[in-house]
Amino acid sequence: MPRLTLPDGTIKTFDAPLTVEQVAASIGAGLARAALAGRIDGRLVDLTTLLDGDGSLEIITPTSAEGLEILRHSTSHLMAQAVKELFPTAQVTIGPAVADGFYYDFDYERPFTPEDLEAIETRMALLVSQDLRIEREVMSRDAAVALFLGLGEHYKAEIIREIPQDQELSLYRQGTFVDLCRGPHVPSTGRLKVFKLTRVAGAYWRGNANNKMLQRIYGTAFGDKKALSAYLTLLEEAAKRDHRRLGRELDLFSIQDEAGGGLVLWHPMGARMRQVIETYWKETHGQAGYEFLYTPHMANLDLWRTSGHLDFYSESMFNPMTVDEQSYQIRPMNCPFHILIYRSKIRSHRDLPLRWAELGTVYRYEMSGVLHGLFRVRGFTQDDAHIFCRENQIEEEISGILDLTLQTLTTFGFTDFEINLSTRPAKSVGSDEIWEKATTALKNAITQRGLDFIEDVGGGAFYGPKIDVKITDAIGRKWQCSTIQLDFNLPERFDIRYIGEDGERHRPIMIHRALMGSLERFFGILIEHYAGHFPLWLAPVQAVVLTITEAYNDWAIQVQEQLRAAGLRVETDLRNQKISYKIREHAMKKTPWLLIVGEREQAEGAVSPRNRSGQELGLTSIDMIKQRLVLEASTRTATQ
RNA sequence: GCCGACGUAGCUCAAUUGGCAGAGCAACGGAUUUGUAAUCCGUAGGUUCGGGGUUCGAUUCCCCGCGUCGGCUCCA
């Protein structure tokens, strides 16, 4: 007699075994229609799963993340079925649900075309209208291998051979199509009504460039049409915010072939913003007890041999250049230089912790195909710092870095954080003891300020555990910028030490950390986060004084001078144009404040301010507007 | 690097089966002296990404190169 506990705590008992689907129907017809799968005691199962014992049961619908994932996974199978029917010689490989939808990789003699996608979509719709049952079947390994080899599906056979012996193999059949799959899946193709194939792309088998290139088709699926159109609207919104487009429109930066791909040219307006960001960075780091360093952009190759970068990082390094028969390497990182400064004299335990920061520009080789605006470049500036401390100072230092990180990110308008802690991987350097101590210190530092974290077990670098912080932007996208990384390796390689209280030599702990990560990338994120509507403290031009006619030029210039004297970034627009023309132009440049001056304003020593949202303040004295803008800029928050 | 799509004026985009390379905005010149999102007239602007081929003729078709864009991790 199944006795089932539902998520709201109610308990339902049945006098005979029944399927998840039947339970859903017993709760309500609406739920039965929406049901995609079930969760029994935490395990996701098909709707057709028979319940014969007690336990907790949750009905999964498209409103949950899992429901959406199942829906998309099933849609990817539906697509594979359509592809197999239209292109019988295509071999199926893998087809998972991913962040925004799903994909399926096929091995086919030619790439799929946009016309193929249309045909596939049409066939998918046909299969949906047939409402084919999707049925699970368990099979032995040998039988499964034989089945797929018989179907000419060599990739599937290869996959099965790699699945652990003791794991149960399941197949899903729908119509003539059969696929190896862990499941769960929706009960029939009729459930898959809202989907869209988005693009085709090449993708290597198993993501390895040495393997054959497969044809990947991307698509997405949703529980209802509204959700799909909301998603498409989001894509449009993201396109409007594209920093490459805004960067050009607002004249912030460019990347030009003549200089080289992935090398950023900061134009005056972008450079103004960068100055503001750097000034803020210096201010906060000074307050947090950091010292600042400047180090060279290249160094003798031997330095990179000692640091080990030549061994484990050479793929990302530019080729060395020869100078006076010696090899020099343009730097991909700043840390070896900071270590050299540490090692330049004997350090005492009293000197520690040393917090050394540098806006260090580094150059890394990225494959041409991955370059992308400011997000993926070949030359960028890190807001880098290295902390040298004693073992017993780790927790306090991490704690301080976390404070600074959250303070910085909040100031730039990000308030939603996800903290990831990555622990010791299989291959690593350093003793069990130090890993244990350090990892605990990291955890404590996070939990002590009441924050949650996601643990990525074994996800740390070989040289130490790390904390990454992800931010969520205005349209819900996540970005990882900040990283805090312990290093047990470099102090060893450079043999750096300090003299302890006991008079003996000890090895310091090194912490690498960057809060914004790369200034270029962070700038790109800011552009997209604010969609170019930068808060006053960041805006390259904070206000423009617009004249009604040339008769008021003198007053406009006086206004500009007075506001500039108060530290504001103010321009004038004295052109012989209608006021509405000028307003439109500066509105499109997303200037926070437009200060209009004409006869009345001049007579009263005033301006008529209009803010970015079109709000007019009316006649305002020069002192009033000065105060207001200075206050708004100094609070470093978005007020419009 | 690999797969695919694309590459026309500073920007956004046209150009019939292969038949004189165009428009809007921006720029520049002139007129207009204007009150809250585009005043009017004019001028200039091109090796159609580069190179080669087919053709009487190539922006258009073919080949090579360069660049841009979308992908190439998310496990059956």
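Chain identifiers are assigned alphabetically (A, B, ...) following the order of the sequence lines, protein sequences preceding nucleic acid strands; residue numbering begins at 1 within each chain. Hydrogens, waters and symmetry mates play no part in the numbers below; they use all other heavy atoms, side chains included.
Heavy-atom neighbours of A:M624 CE from other residues, nucleotides or ligands within 6.0 Å: at or below the threshold of 12.
Counting any heavy atom pair closer than 4.0 Å across all strands shown, A:G598 reaches a base atom. Counting non-hydrogen atoms under 4.0 angstrom, A:R182 reaches a base of the nucleic acid. Among the heavy atoms of the strands, none lies under 4.0 Å from A:A551. No engagement by A:E162 is indicated, since no non-hydrogen atom pair under 4.0 Å with the nucleic acid exists. Base engagement by A:L169 is indicated by at least one non-hydrogen atom pair under 4.0 Å involving a base atom. Residue contacts shown for A:K582 are absent, as no nucleic acid heavy atom lies under 4.0 Å away. If you check every strand for non-hydrogen atoms under 4.0 Å, A:S368 touches a base. Using a 4.0 Å heavy-atom criterion, one finds that A:Y204 contacts the bases of the nucleic acid, with or without backbone contacts as well. A:H372 comes within 4.0 angstrom of the backbone, heavy atoms only, and of no base.
By the 4.5 Å heavy-atom criterion applied to side chains, A:L563 and A:W593 are not counted as neighbours. The side-chain heavy atoms of A:W479 and A:I471, taken from C-beta on, include a pair separated by under 4.5 Å.
For A:S76 (side chain) and A:G95 (main-chain N/O), a donor-acceptor pair under 3.5 Å exists by modelled atom type.
Nearest nucleotide to the side chain of A:R600, out of B:rU36, B:rA26, B:rG35: B:rG35. Here the side chain of A:R584 is nearest to one of B:rU39, B:rA37, B:rA76, namely B:rA37.
In this model, no side-chain donor or acceptor of A:Y552 finds a partner on the base of B:rG35 within 3.5 Å. In the interface, the side chain of A:R161 is not paired with the base of B:rA76 through any donor and acceptor atom under 3.5 Å apart. Judged by distance alone with a 3.5 Å cut-off, a donor-acceptor contact links the side chain of A:E601 to the base of B:rG35.
The pairing partner recorded for B:rA5 is B:rU68, the criterion being a Watson-Crick or G-U wobble arrangement whose two distances lie under 3.5 angstrom.
Here the separation of B:rG10 from B:rG45, taken at their C1' atoms, is 10 Å to the nearest Å. Nucleotides B:rU12 and B:rC72 have their P atoms positioned 26 Å apart, rounded to a whole Å. Rounded to whole Å, the C1' atom of B:rA9 lies 15 Å from the corresponding atom of B:rC28. Comparing B:rG19 with B:rC6, their C1' atoms sit 26 Å apart, to the nearest whole Å.
The aromatic ring centres of A:F87 and A:F112 sit less than 6.0 Å apart.
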